[in-house]
Amino acid sequence: MHLAVLLSASALFVATFALDNGEMRTPPMGWLAWERFRCDIDCEHDPKNCISENLFMDMADRLSEDGWRELGYVYVNIDDCWSSMKRDKNGRLQADPKRFPGGIHKLARYMHDRGLKLGLYGDMGTHTCGGYPGTTLDKIEIDAQTLADWEVDMFKFDGCYSNATEQEKGYPLMSKALNATGRPIGYSCSWPAYQGGLPPQVNYTQLGEICNLWRNYGDIQDSWDSVLNIIDWFFENQDVLIPAAGPGQWNDPDMLVAGDFGLSMEQSRAQMALWAIMAAPLFMSNDLRTISSGARSILQNKMAISINQDAMGIQGRRILTEKSQIQVFWRPLSNNASALVFFSRRNDMPYRYQTTLSKLNYTTGSYQIYDVFTEKTMVLKDSTSFVVSVNPTGVVMWYVSAPAKLNHRQFYKGGRLQGSGYDDENAVPRVFL
């Protein structure tokens, strides 16, 4: 097993064991069908947008030809409604023959030929959430081997039509069965979302041992209210969730919906920034064939992606909520750097938020600041007062090069922001650009 070092809410670095498949050492990135295309199987009347091999080949072409793959967006994930309503004569799952005439294996090869990976959906109940054949306990081994035979790279295991006892048995059994195939398959578990997302019903130590990522909470919808609801739940429960995350094991707040219909550009930037702070998987659910240039620039922002993909894999946290409805989020990064997000919960007008780095618990020194979305740079002393203008429902996001080594234990004492986050040495900033 790989020993992953995680930052605990009790201010100590603690050791936990991660799923030993070598996969997803940074949060996985790619495209997922569900939020945008759901269970549209009407290929007669809507052939371009129905759940079929053509849709997934189209998205693979876009990822490989439009600059997404090089940024890390490599997974093309099929969600529910892909299969036939019946297993084959050998008891194996099979794709719907009309919508996937080449089968899943052919589709996997199509992805691999373009430097991409294929993800597939299943459910441990009697049926999937959409009513297709599920993977009951007696079918786990054969279905895991089928995934490997098809050269699938990631498997999402949902939990509809199953009970808590079956889930307690099934999720670990599927992890063992996937590993036994000998093929590295990233494993996404929906288990905690069906058990309320929090201890004692959810054992995050166990999840880190059997899953690469897990859905903690409900499905995202194409609306700002939905995004806010997810943000609030994750940061209100950050002291429980942060210790669970790290290389090879990630909390999953669900898909990025920039490029769809429900979010403004400001809100799309806010979601991208906060998903980066959370070290969240970045699975877009949109139509890459028609995505706007504005949404594309947000989702392809190299620094936001770099922050999300930071090798330390420490999930960030909310450190301040002001009466002005400005919230401040912080994440420690490699090379003694950090990320800050100033987020406005206001709906009226841009707000000029004034503070200093020292008030945000940065120690004495000068810091190189890189604004992630405007690409402007500046140098700030810890004691220098500054103002950021944050648009309604929007963010300002900074990459902060640090002049001293982060003292994580002091910064996270008691699970809360306390004292200086840095040791008083090396008071020379690392220059990002």
Side-chain angles (χ1 to χ4, degrees), residues 67 70-72 256 258-259 263-279 282 292-310 316 318-320 322 324-346 348-404 406 421-422 426-433:
E70 290 75 15
L71 294 170
L256 294 167
L263 302 191
S264 68
M265 287 297 107
E266 293 291 342
Q267 294 161 355
S268 297
R269 275 187 284 270
Q271 190 194 15
M272 185 70 177
L274 292 172
W275 264 233
I277 289 288
M278 286 190 282
L282 300 182
S292 69
S293 59
R296 182 198 302 259
S297 68
I298 291 168
L299 294 167
Q300 291 190 345
N301 185 289
K302 292 181 180 179
M303 179 49 69
I305 292 170
S306 177
I307 290 168
N308 172 265
Q309 295 287 295
D310 185 76
R318 186 173 61 199
I319 60 174
L320 285 174
E322 303 280 21
S324 62
Q325 299 185 66
I326 299 295
Q327 295 179 330
V328 184
F329 301 79
W330 174 86
R331 182 182 173 189
L333 303 172
S334 302
N335 300 320
N336 301 323
S338 59
L340 282 171
V341 169
F342 306 92
F343 173 44
S344 176
R345 303 293 297 251
R346 302 174 70 94
D348 52 358
M349 61 183 295
Y351 186 83
R352 293 172 59 80
Y353 177 67
Q354 183 172 346
T355 189
T356 66
L357 290 177
S358 63
K359 289 180 181 178
L360 301 178
N361 284 37
Y362 285 80
T363 194
T364 302
S366 295
Y367 295 80
Q368 179 95 0
I369 308 297
Y370 177 84
D371 189 302
V372 171
F373 293 112
T374 68
E375 301 183 2
K376 295 179 180 179
T377 60
M378 61 180 166
V379 175
L380 275 179
K381 291 184 177 180
D382 65 289
S383 58
T384 302
S385 181
F386 65 85
V387 173
V388 287
S389 180
V390 192
N391 291 337
T393 70
V395 293
V396 171
M397 186 179 197
W398 286 359
Y399 175 94
V400 184
S401 298
L406 281 165
Y422 295 90
N426 303 328
V428 177
R430 291 178 178 270
V431 178
F432 169 63
L433 289 180

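Side chains are part of it too, since the values below use all heavy atoms of this structure and drop only hydrogens, waters and symmetry mates. In this chain, numbering begins with 1 at the start of the sequence shown. This one's a predicted model, so the numbers in the text were calculated from it and none came from an experiment.
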Carefully, step by step, assess Val395 and Phe342 under the rule side chain to side chain contact (heavy atoms under 4.5 Å, CB included). CA-CA 5 Å; Val395 293; Phe342 306 92; over 6 Å; no

May I have the step-by-step check of side chain to side chain contact (heavy atoms under 4.5 Å, CB included) for Leu320 and Leu360, ending in yes or no? CA-CA 9 Å; Leu320 285 174; Leu360 301 178; 3.5 Å; yes

Give the intermediate values and the outcome of side-chain hydrogen bond (donor to acceptor under 3.5 Å, both in side chains) for residues Tyr362 and Ser338. CA-CA 10 Å; Tyr362 285 80; Ser338 59; 2.7 Å; yes

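In plain terms, the two heavy atoms of Ser389 and Val396 that are nearest each other are O-CG2, 3.6 Å. When all heavy atoms of Ala258 and Gln271 are compared, the pair lying nearest together is N-OE1, 4.0 Å. In plain terms, the two heavy atoms of Leu71 and Ile305 that are nearest each other are O-CG2, 3.6 Å. Between Tyr399 and Val372, the closest heavy-atom pair is N-CG2, 4.1 Å. Residues Ile298 and Met265 approach most closely at CD1-O, 3.7 Å, considering heavy atoms. Residues Pro392 and Ser344 come closest through the heavy atom pair CA-OG, 4.1 Å.
Ring geometry for Phe329 versus Phe343: interplanar angle of 30 to 60°, hence tilted. In this pair, Phe386 and Trp398 present their aromatic rings tilted. The plane angle is within the 30 to 60° band.
There is a side-chain donor-acceptor pair under 3.5 Å between Gln354 and Ser385.
In this structure, Phe373 CZ and Asp371 CG are separated by 8.5 Å, a value rounded to the nearest 0.5 Å. Taking CG of Leu357 as the reference point, atom OG1 of Thr364 lies at 11.0 Å (rounded to 0.5 Å). Within the model, atoms CE of Met378 and OG of Ser366 stand 12.5 Å from one another, a figure rounded to the nearest 0.5 Å. Remark: Glu375 CD to Met303 CE distance equals 9.5 Å, nearest 0.5 Å.
Considering only heavy atoms from C-beta on, Gln368 comes within 4.5 Å of Thr377 through its side chain. For the pair Leu282 and Met272, the minimum side-chain heavy-atom distance is below 4.5 Å. Within the 4.5 Å cutoff, the side chain of Asn308 has no heavy atoms near those of the Ile277 side chain. Between Tyr351 and Ser324 there is a side-chain heavy-atom pair separated by less than 4.5 Å. Between Val400 and Tyr370 the shortest side-chain heavy-atom distance does not fall below 4.5 Å. Taking the side chain as every heavy atom from C-beta outward, Leu263 and Ser268 approach each other to under 4.5 Å. Here the side chains of Thr384 and Tyr367 are not in contact, with every heavy-atom distance at 4.5 Å or above.
In this structure a side-chain-to-backbone donor-acceptor pair under 3.5 Å is present from Asp382 to Gly365. With hydrogens and angles ignored, the 3.5 Å screen pairs a side-chain donor or acceptor of Gln267 with a backbone N or O of Ser264. For the pair Arg318 (side chain) and Gln327 (backbone), a donor-acceptor distance under 3.5 Å is absent. Although no hydrogens or angles enter the test, the distance criterion places a donor-acceptor pair under 3.5 Å between the side chain of Asn301 and the main chain of Ala304. Arg331 places a side-chain N or O within 3.5 Å of a backbone atom of Ile307 that can act as its donor or acceptor partner. Judged purely by atom type and a 3.5 angstrom limit, Asp310 has no side-chain atom pairing as donor or acceptor with the backbone of Leu333.
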